[in-house]
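All values derive from a computational prediction rather than experimental measurement.
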Amino acid sequence: MAADSRSRVAIALLLLVAAEVRLVAAEATAMALQEEPVGCFFYGLRFHPAISDKPMRTETAMECQSKCQGIIGCKYFGFAPEWEGCWLGNSSAKPEASALFVSGPSHCNGG
């Protein structure tokens, strides 16, 4: 009985630690999102499907948007700060909710 009780306590502690890790990651993501300009960016959205299955590595949403501007047919970008991943979408990409993303059009002024 005592071993069973200790196992339950250990599992509960592991679950608490895992929850704390997720909270810290979410706070770090929120801080990264706040550092980006609001302008024409959408917070909590991504555009799907992406042009490529594999993301490019960029450090900011603005850098990801710049990558999109340099690729023919790219209309939208999606940036995940937690992974420094940049996904690009063409005119058929549709917005969908994704809390970890910052996204937007290739050009803020419609250019």
Side-chain angles (χ1 to χ4, degrees):
M1 245 341 179
D4 186 45
S5 186
R6 281 184 288 211
S7 294
R8 288 182 188 176
V9 169
I11 290 170
L13 287 173
L14 287 173
L15 290 173
L16 284 172
V17 169
E20 180 68 20
V21 167
R22 283 193 301 272
L23 179 61
V24 168
E27 289 173 351
T29 299
M31 288 174 58
L33 294 178
Q34 290 172 2
E35 292 172 3
E36 298 295 337
V38 175
C40 67
F41 289 11
F42 305 104
Y43 296 85
L45 284 179
R46 71 178 185 140
F47 286 84
H48 187 76
I51 292 172
S52 172
D53 291 337
K54 293 187 179 185
M56 291 183 277
R57 189 175 186 283
T58 60
E59 292 184 13
T60 68
M62 291 184 299
E63 182 182 352
C64 184
Q65 183 184 43
S66 179
K67 297 273 187 192
C68 183
Q69 292 168 358
I71 295 180
I72 295 172
C74 184
K75 298 293 182 192
Y76 304 101
F77 73 92
F79 174 68
E82 189 172 325
W83 310 299
E84 293 185 338
C86 174
W87 286 264
L88 306 178
N90 61 22
S91 60
S92 66
K94 304 291 182 225
E96 62 182 42
S98 185
L100 298 178
F101 276 77
V102 178
S103 63
S106 59
H107 294 82
C108 283
N109 60 2

So which heavy atom on [X] is nearest to which on [Y], and how close?
| X | Y | value |
| --- | --- | --- |
| P105 | C40 | CD-O, 3.6 Å |
| G78 | F101 | C-CD2, 3.8 Å |
| Q65 | C108 | NE2-SG, 3.4 Å |
| I51 | N90 | CG1-N, 3.7 Å |
| V102 | F77 | O-CE1, 3.9 Å |
| L88 | C74 | CB-SG, 3.6 Å |

* Asked: Does any non-hydrogen side-chain atom of F41 lie less than 4.5 Å from one of M62?
  -> yes
* Does the E96 side chain pair with the main chain of R46, one donor and one acceptor, at a distance under 3.5 Å? -> no
* Whether S103 side chain and F47 backbone form a donor-acceptor pair below 3.5 Å -> no
* Nearest-0.5 Å distance, CD of residue E84 to CD of residue E82 -> 11.0 Å
* Asked: What distance do W87 atom CH2 and H48 atom NE2 have between them, rounded to the nearest 0.5 Å?
  -> 11.5 Å
